[in-house]
Amino acid sequence: MKLIDGKSIAEKVHAESRAGVEKLKRKGITPGLAVVLVGDDPASRAYVRAKAKKCLELGLYSVKKEMPATSTQEEVLAVVRALNADPAVHGILVQSPPPAHIDEAVVVETIDPRKDVDGFHPVNVAKLAMGTGDGFVPCTPLGCQRLLIEMGIETAGARVVVLGRSMIVGKPLALLLMQKGKGGDATVTVAHSRSRGLEEITREADILIAAIGRQEFVKASFVKDGAVVIDVGINRKEDPSVEKGYRLVGDVAFEEVAPKCAAITPVPGGVGPMTIAMLIANTLDACRRIHGL
């Protein structure tokens, strides 16, 4: 069983991004990423800090717009429109989820598709579905694909089961793995909580991707011998034996599933680090496209 080290692969992506930033700076261009945070959700604040820190480490221009939870829909849209018009900003991300009174879909649709480095604008979703190759792909699915490529795991002709149908991971990842070319050409099944015979479906997978949002849901009985398992989930599990009172676990029961696998991602340290890595990579792509490079 190979442990898929997302941290080391993310560092490889960051090294590529650092070189890309330096090349752009030699042309007098600094890639810029803006992150908008509405409200004071602790997890969202931690994500935003991590993104801003990595931008600075890699030499990007970083903008952090923190707005109170009482901000109106129009106030949030006004910030997004200002960032659309800012030539120093090439990528815009509005941290999800916003407060309940904010219509997230409207906010996403207001982002300039050329700066939508999260890949959730309907224009970019359509480009992914059409396979045009000139849109932006959501960062977590893109990170999952990169893990498979870096590990030399062949997707062409492979039976892939994606467990979960969200627009954040499941649907875009299925589309990505079906595309022609490197890291694609897979035969993809999307399964979910309403699928009949779920264990039978997942046991057919050469590559099983768990993104269902339920802690340790995937047991050994879900996985065939020699499968590759990518665990996208990140959940807090109560554990009084540790100082924080909890530990992070995935959607896969790692201890019982890992012995059956050819390769598996740990949680934490698997898919998680790849999300920020691909966000930065998308921002560089946005910068190049906007400047016609």
Side-chain angles (χ1 to χ4, degrees), residues 10 13-14 17 31-39 41 43-55 58 60-67 73 76-77 79-86 88-99 102-130 132-146 164-176 211 213 232 234 271-290:
V13 177
H14 287 315
S17 293
L33 174 64
V35 181
V36 181
L37 174 63
V38 186
D41 178 73
S44 292
R45 280 192 176 279
Y47 287 137
V48 168
R49 280 197 304 271
K51 289 164 185 171
K53 181 181 177 185
K54 187 56 68 174
C55 281
L58 298 176
L60 284 82
Y61 168 59
S62 176
V63 179
K64 186 166 62 171
K65 297 284 187 180
E66 297 189 15
M67 305 180 69
Q73 177 93 11
V76 176
L77 296 182
V79 167
V80 171
R81 292 187 190 107
L83 294 170
N84 284 342
D86 187 343
V89 172
H90 304 98
I92 301 169
L93 180 151
V94 180
Q95 185 64 43
S96 182
I102 301 295
D103 188 330
E104 189 170 11
V106 173
V107 174
V108 170
E109 288 171 16
T110 303
I111 298 171
D112 183 339
R114 299 174 306 159
K115 296 187 177 186
D116 169 42
V117 289
D118 235 1
F120 295 139
H121 192 284
V123 168
N124 285 317
V125 173
K127 286 183 174 183
L128 175 59
M130 294 170 68
T132 60
D134 61 344
F136 290 106
V137 177
C139 303
T140 300
L142 200 57
C144 291
Q145 184 189 50
R146 183 65 184 264
R165 53 181 168 177
S166 74
M167 280 306 302
I168 297 171
V169 181
K171 289 178 183 176
L173 183 51
L175 289 168
L176 191 60
V232 180
I234 185 159
V271 174
M274 296 299 295
T275 300
I276 291 179
M278 303 320 295
L279 173 67
I280 302 293
N282 274 354
T283 302
L284 264 67
D285 282 344
C287 179
R288 294 185 192 106
R289 292 175 190 178
I290 287 170

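Start at 1 with the first residue, then count along the sequence.
Across all non-hydrogen atoms, the minimal contact from A10 to P273 is CB-O, 3.6 Å. The minimum heavy-atom distance linking L58 with I280 is given by the pair CD1-CG2, 3.7 Å. In this structure, I111 and H121 approach most closely via the heavy-atom pair O-CD2, 3.2 Å. Of all the heavy atoms in D116 and F136, the pair that sits closest is O-CB, 3.4 Å. Nearest heavy-atom pair, C55 versus S62, reported as atom, atom and distance to 0.1 Å: CB-CB, 3.8 Å. Of all heavy-atom pairs between S44 and S96, the closest is OG-O, 3.9 Å.
Between Y47 and I276, the closest side-chain pair of non-hydrogen atoms is not below 4.5 Å. A 4.5 Å side-chain heavy-atom check between V107 and V80 finds at least one atom pair inside the cut-off. No side-chain heavy atom of R289 sits under 4.5 Å from any side-chain heavy atom of R114. In this structure the side chain of E104 never reaches within 4.5 angstrom of the side chain of V94, judged on heavy atoms. Annotation: side chain of H90 is not in contact with side chain of L284 (no heavy-atom distance under 4.5 Å). At a threshold of 4.5 Å between non-hydrogen side-chain atoms, the residues V271 and C144 count as touching. Looking only at side-chain heavy atoms (C-beta outward), Q73 and V106 come within less than 4.5 Å of each other.
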Task: Residue pair V79, M67: steps toward the side chain to side chain contact (heavy atoms under 4.5 Å, CB included) verdict - done: CA-CA 10 Å; V79 167; M67 305 180 69; 3.7 Å; yes
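With sequence neighbours left out, the salt bridge (Lys or Arg N to Asp or Glu O under 4.0 Å) criterion links K64 to E66. Partners of K127 under the salt bridge (Lys or Arg N to Asp or Glu O under 4.0 Å) rule, at least two apart in sequence or in another chain, are D134. The side chain to side chain contact (heavy atoms under 4.5 Å, CB included) search around V35 returns L33, V48, L93, not counting sequence neighbours. Taking the side chain to side chain contact (heavy atoms under 4.5 Å, CB included) definition, one finds that P99 meets it with V38, A69, H101, I102, sequence neighbours left out. Judged as a salt bridge (Lys or Arg N to Asp or Glu O under 4.0 Å), and not counting sequence neighbours, the contacts of D285 are R288. For T275, the side chain to side chain contact (heavy atoms under 4.5 Å, CB included) test picks out C139, T140, with sequence neighbours left out.
Within the model, atoms CD of Q95 and CG of D118 stand 8.0 Å from one another, a figure rounded to the nearest 0.5 Å. One finds the CG atom of L83 at 6.0 Å from the NZ atom of K65 (value rounded to the nearest 0.5 Å). Note that the CD atom of E109 and the CG atom of D103 stand 8.0 Å from one another [nearest 0.5 Å].
Under the 3.5 Å distance criterion, the side-chain polar atoms of N84 are matched with a main-chain donor or acceptor of D112. Listed for the N124 side chain is a donor-acceptor partner under 3.5 Å among the backbone atoms of P113. Listed for the N282 side chain is a donor-acceptor partner under 3.5 Å among the backbone atoms of V137.
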